[in-house]
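Heads up, the thing below is written out as structure tokens.
Within every chain, numbering begins at 1; the chains are lettered A, B, ... in the order of the sequence lines, protein sequences first and strands thereafter.
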Amino acid sequence: MGISYDASVPSPADKLVVERLRVRKGKNAILNGVSLTVRGGEILALIGPAGSGKTTFLRCLNRLIDLEPELAVEGRLRLDGLDVYGEGVDVPSLRRRIGMVFAVPNPLPMSIRDNLTLGLRILGAAAAGPPSERIERSLKAAYLWDEVKDRLDDSALKLSGGQQQRLCLARSLMAGPELLLLDEPCSGLDPISTAKIEEALQGLKSRISVVLVTNNVKQASRCSDRTAFLLMGDLVEMGETGLIFTNPQNRRTADYVSGRFG
Amino acid sequence: MSRRWINRITFLFMGLTGLACATVILLVALILGHIAYHGVHHLSWEFLTTAPRAGMTEGGIFPAIFGTVFLVLLMTIAVVPLGVCTAVYLQEYAPAGSKLVHAVRLAIQNLAGVPAIVFGLFGLGFFIEFAGRSVDRLFYGGQLHFGQPAILWAALTMALLTLPTVVVATEEALRVVPRGHREAAYALGATRWQMVRYVLLPQATGGILTGTILAVSRGAGEVAPILFTGAAYYLPELPRRLNHQFMELGYHVYVMATQSPDVDATKPILYATVFVLLTLTFLLNFSAVVLRARIRRRLAEGR
Ligand SMILES: Nc1ncnc2c1ncn2[C@@H]1O[C@H](COP(=O)(O)OP(=O)(O)OP(=O)(O)O)[C@@H](O)[C@H]1O
Ligand SMILES: [Mg+2]
């Protein structure tokens with residue numbers, strides 16, 4: 001019963017086209033056919049109450065959901081025309097095009113530098129180029145450079161939670177992704193770290209498309225271009241963020257964004 | 001119950017548990033003390049570096065020390081890769097809840113419960129009679145080279161015995177790596193092997209090393225598995241090839257205790273040998289404990 005936003009004719013500006021995405025565990029549907037597009041260079045906020053399927057949706061986009069073989073995924077996803085679930089898709093190289101930041105900061109127990117260069121090391125040293133430039137660029141983009149530039153060889157675990165999350169953001173930017181997925185990246189952070197991440201996203205968005213899952217409706221209204229409201233696995237409404245918050249078409253959207261439930 | 005009774009019972013239990021602990025410590029101290037008392041004065045540089053003489057009533061135990069080290073070295077080379085690969089497969093590759101995984105886990109658990117002497121017999125039957133003979137037939141035209149007791153077969157038999165230790169320790173180390181670490185690597189485009197290589201194995205090194213040292217200390221102490229597969233009563237020369245026989249500390253103790261022509265003359269040697277063997281295994285166990293603590297600390301600091 002999800003409202004379908006016409007996704008059949010992809011325009012050149014569309015970065016990612018999702019058509020009738022369904023995720024099931026046995027007979028239980030987690031996503032009931034979600035269709036939406038992510039435009040090039042926009043920030044799309046995904047809001048909805050706990051358990052509505054936001055994380056599941058996000059994990060479908062870079063096929064991290066493959067790690068949970070008990071979940072059946074149906075539907076079509078196209079990233080710049082590439083059929084994400086098509087036969088013969090090279091999943092690792094797909095994932096290199098898509099950055100992801102998780103709800104809980106997950107730096108690895110190694111130095112800040114090693115965390116950042118992990119993706120390059122995976123690619124093989126030959127493809128890496130001079131890493132120090134990239135490190136600086138990514139850390140600056142994540143608003144972390146000034147805090148860590150003198151201690152790149154310190155353990156990443158010594159950073160504060162907010163710094164760790166920005167390190168994870170910088171790490172996901174190292175390979176120069178086209179699409180960035182963020183799953184409640186500020187859920188455990190203080191207002192200052194939150195502001196820094198939001199600023200970082202503003203700086204990124206002209207070059208990268210961002211899907212920002214957030215449980216903070218204010219954050220969606222502050223920093224997204226468009227907003228999608230997900231409820232119990234259905235896409236209830238999607239539109240320009242300004243309209244969703246001032247003039248929602250659906251009563252449940254109105255209730256949710258005004259804080260009457262969820 | 002009155003307060004007084006509760007206090008009395010508490011006191012009683014404290015006494016009993018304390019007594020149990022004291023007994024354990026006392027027993028260990030007794031064994032060690034007894035051996036040290038009788039063995040230490042016979043220790044000398046000469047004892048550690050020369051071969052037995054005069055029907056083992058004189059001389060040292062160097063060939064046995066050499067053989068023990070050679071044996072556990074070969075065993076380690078065999079058991080660590082096999083054990084680590086098994087654990088990685090079970091934890092990361094095998095589909096969750098598959099029958100195969102269940103069967104392999106069961107097999108490993110059972111392997112850990114098999115008496116050591118059965119491993120010895122298995123080694124004799126499988127490695128020497130089957131594998132060794134086959135090698136001889138294929139490469140040496142039936143001449144006897146590998147179809148006889150040898151340090152190679154003894155080491156492989158010992159590797160089977162210690163396999164569960166390495167597998168269980170590695171699996172444990174892999175299991176505690178948080179899911180978020182795995183997902184971080186996958187999201188960066190790592191293949192499964194790259195994830196294992198760059199994320200899991202570095203974090204599991206401590207567990208693998210601990211398992212290895214425990215396996216080595218076990219392998220250095222067991223006699224039954226090498227009884228029929230390669231250990232020799234007395235050899236004039238050190239083993240230089242994989243198909244040579246060897247002397248070994250535990251077996252040397254067994255031989256001196258049961259087959260000595262002159263019991264009184266061998267006694268101090270026997271005690272000193274046991275002392276060396278115990279020191280070796282204790283040192284290994286102790287270093288496993290220290291290593292584990294250090295690597296835990298290092299991981300917590302993320303260096
Ligand atoms: N592997 C799984 N097996 C079974 N059920 C699952 C699995 N993954 C997710 N679900 C279910 O799917 C629903 C949606 O979960 P999801 O994590 O996507 O929600 P969410 O919108 O991200 O919630 P939150 O705001 O709490 O993070 C939940 O009811 C959850 O229990
Ligand atoms: Mg979630």
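Of all the heavy atoms in B/A185 and A/I122, the pair that sits closest is O-CD1, 4.4 Å. Heavy atoms only, all atoms of each residue included: B/L188 and A/G119 are closest at CD1-N, 4.1 Å. For the pair B/G189 and A/P92, the tightest heavy-atom approach, listed with the atom from each and the gap, is O-CB, 3.3 Å. Taking both residues in full, the closest heavy atoms of B/Y198 and A/M110 are given as O-CE, 3.9 Å, listed atom of the first, atom of the second, then distance. Smallest separation of non-hydrogen atoms from B/A187 and A/N62: CB-ND2, 4.4 Å.
Interface remark: B/R192 contributes no atoms to any contact with chain A (heavy atom separation under 4.5 Å). The contact between A/P107 and chain B is made entirely by backbone atoms, counting heavy-atom distances below 4.5 Å. With a 4.5 angstrom heavy-atom cutoff, A/I98 touches chain B only via backbone atoms. Within the 4.5 angstrom heavy-atom criterion, only side-chain atoms of B/Q194, from C-beta onward, approach chain A. Neither the backbone nor the side chain of A/R97 comes within contact range of chain B; no heavy atom of the residue lies under 4.5 Å from a heavy atom of that chain.
More than 12 non-hydrogen atoms from other residues, nucleotides or ligands lie less than 6.0 angstrom from CZ of A/R151. Shown here is A/E133, whose CD atom has no more than 12 heavy atoms of other residues, nucleotides or ligands within 6.0 Å. Applying the 6.0 Å contact sphere to CZ of B/F130 captures no more than 12 heavy atoms from other residues, nucleotides or ligands.
B/R179 contributes atom CZ, which lies 7.5 Å from atom CG of A/L67 (distance to the nearest 0.5 angstrom).
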